[in-house]
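Just so it is clear, the model here is predicted, and its values are computed rather than measured. We count ligands from 1, going down the list as the structure has it; atoms in each ligand are counted the same way.
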Amino acid sequence: MNGRGKFITFEGGEGSGKSTHAAALADRLKARGLDVVLTREPGGSPGAEIIRHIILSGIAKPLGTETETILFAAARDDHVKATILPALQAGKWVISDRFVDSTRVYQGVVGKVDMKLIRALERVTVGADAMPDLTILIDVPANIGLARAKTRRGTGAADRFEAESVEFHEELRQAFLGLAAKEPKRFAVVDGRAPRDVVSERIWQTVEQRLLGERQPAEVAAP
Ligand code: TYD
């Protein structure tokens, strides 16, 4: 029996390289013989993908930041129930590109939504069962991240959050760093300005030390 799988989340601003590194980590864990589910928010389950479209298209923006927060929570609730918990319970490792910390930062710190509402929604949607075992924060200055995101997008339109100012994105960055400082056991901050291979290696070392290292040798050797 495998026991419960591990849950890893990636957080960071636009153009931080989260998605690339989440996928690279998934490949590396699979190469170790682990069963891995790579997912993302908002989205990650059929119901949540519908809500993702509503939020990111910007059509819910006129309803206000509280309503957006509730929509993110509704999407998360479905994602946790339909995708994350079943996988963890089956012994799989789950990697999510964004999770609760994005709500705390985008809607809470920067959007000024009451933290009490955010925490209450977290208790309902995530509880204690679906809190990440490890959260990797890829930190890059806002101007660098936004420039990368723009290059990647080409001539396409900026989404709801990418369209905000550099100041908004720098505030996000500081808010993420603030969360990481408060929960050093769950978070690992990786400097995203380093070359991609270096960032990848630092992430891998963190996962090995914090999550693979804690397994007993007999368990690692088991098929
Ligand atoms: P996405 O296209 O997935 O971009 P990224 O590569 O930056 O993850 O867009 C997700 C956007 O939604 C991103 O701008 C952050 C925002 N977001 C929130 O504001 N709150 C949340 O709880 C989550 C999960 C995402």
Side-chain angles (χ1 to χ4, degrees), residues 7-25 38-45 47-61 63-80 83-84 94-115 117-126 130-132 135-154 156-173 175-176 179 192 199:
F7 183 25
I8 302 171
T9 57
F10 278 78
E11 299 280 3
E14 315 293 323
S16 58
K18 286 178 295 89
S19 311
T20 307
H21 288 295
L25 177 61
L38 178 61
T39 184
R40 63 150 181 201
E41 286 208 348
S45 62
E49 288 292 329
I50 295 170
I51 303 172
R52 173 188 174 89
H53 174 72
I54 295 170
I55 301 169
L56 296 188
S57 64
I59 53 173
K61 192 177 175 186
L63 301 177
T65 43
E66 280 191 356
T67 301
E68 278 185 318
T69 305
I70 293 166
L71 286 171
F72 276 115
R76 180 160 304 131
D77 193 55
D78 194 62
H79 184 211
V80 166
T83 304
I84 297 174
V94 178
I95 300 176
S96 185
D97 182 352
R98 294 196 184 283
F99 198 58
V100 280
D101 301 296
S102 283
T103 308
R104 292 182 186 178
V105 165
Y106 280 77
Q107 281 67 51
V109 181
V110 184
K112 308 276 184 289
V113 170
D114 190 343
M115 233 6 131
L117 173 66
I118 291 178
R119 297 288 177 167
L121 291 167
E122 254 179 43
R123 274 197 300 280
V124 176
T125 58
V126 177
M131 266 315 273
T135 297
I136 293 167
L137 172 59
I138 306 190
D139 177 54
V140 287
N143 55 351
I144 296 178
L146 282 174
R148 285 186 190 165
K150 197 169 169 213
T151 310
R152 180 181 62 195
R153 189 172 75 237
D159 74 21
R160 161 79 180 81
F161 293 99
E162 238 180 270
E164 300 278 359
S165 66
V166 176
E167 291 71 32
F168 173 93
H169 288 281
E170 192 55 38
E171 209 184 329
L172 286 176
R173 179 192 181 204
F176 272 125
L179 287 186
V199 176

Can R76 and R98 be said to form a side-chain contact (heavy atoms from CB on, under 4.5 Å), step by step?
-> CA-CA 11 Å; R76 180 160 304 131; R98 294 196 184 283; over 6 Å; no
Counting only heavy atoms, which portion of V100 has something under 4.0 Å from ligand 1: side chain, backbone, both, or neither?
-> neither
Report the nearest protein non-hydrogen atom to atom 1 (P) of ligand 1: residue, atom name, distance rounded to 0.1 Å.
-> R52 NH2, 3.6 Å
Heavy-atom nearest neighbour in the protein, as seen from atom 20 (N) of ligand 1, with distance rounded to 0.1 Å = Q107 OE1, 2.8 Å
So is there a nitrogen or oxygen of T103 less than 3.5 Å from a nitrogen or oxygen in ligand 1?
-> yes
Does K18 come within less than 4.0 angstrom of ligand 1, counting non-hydrogen atoms of the residue?
-> yes
Close side-chain approach of V109 to M115, heavy-atom, < 4.5 Å | yes
Ligand 1-proximal atoms of R40, by part, heavy-atom distance under 4.0 Å | neither
State whether the shortest distance between N or O atoms of R152 and N or O atoms of ligand 1 falls below 3.5 angstrom.
-> no
Looking at S45, P42, S57, which hits side-chain contact (heavy atoms from CB on, under 4.5 Å) with R52?
-> P42
With sequence neighbours left out, what residues match F7 under ring pair (Phe, Tyr, Trp, His ring centres under 6.0 Å)?
-> F99
Minimum-distance protein heavy atom relative to atom 25 (C) of ligand 1 = F72 CE2, 3.5 Å
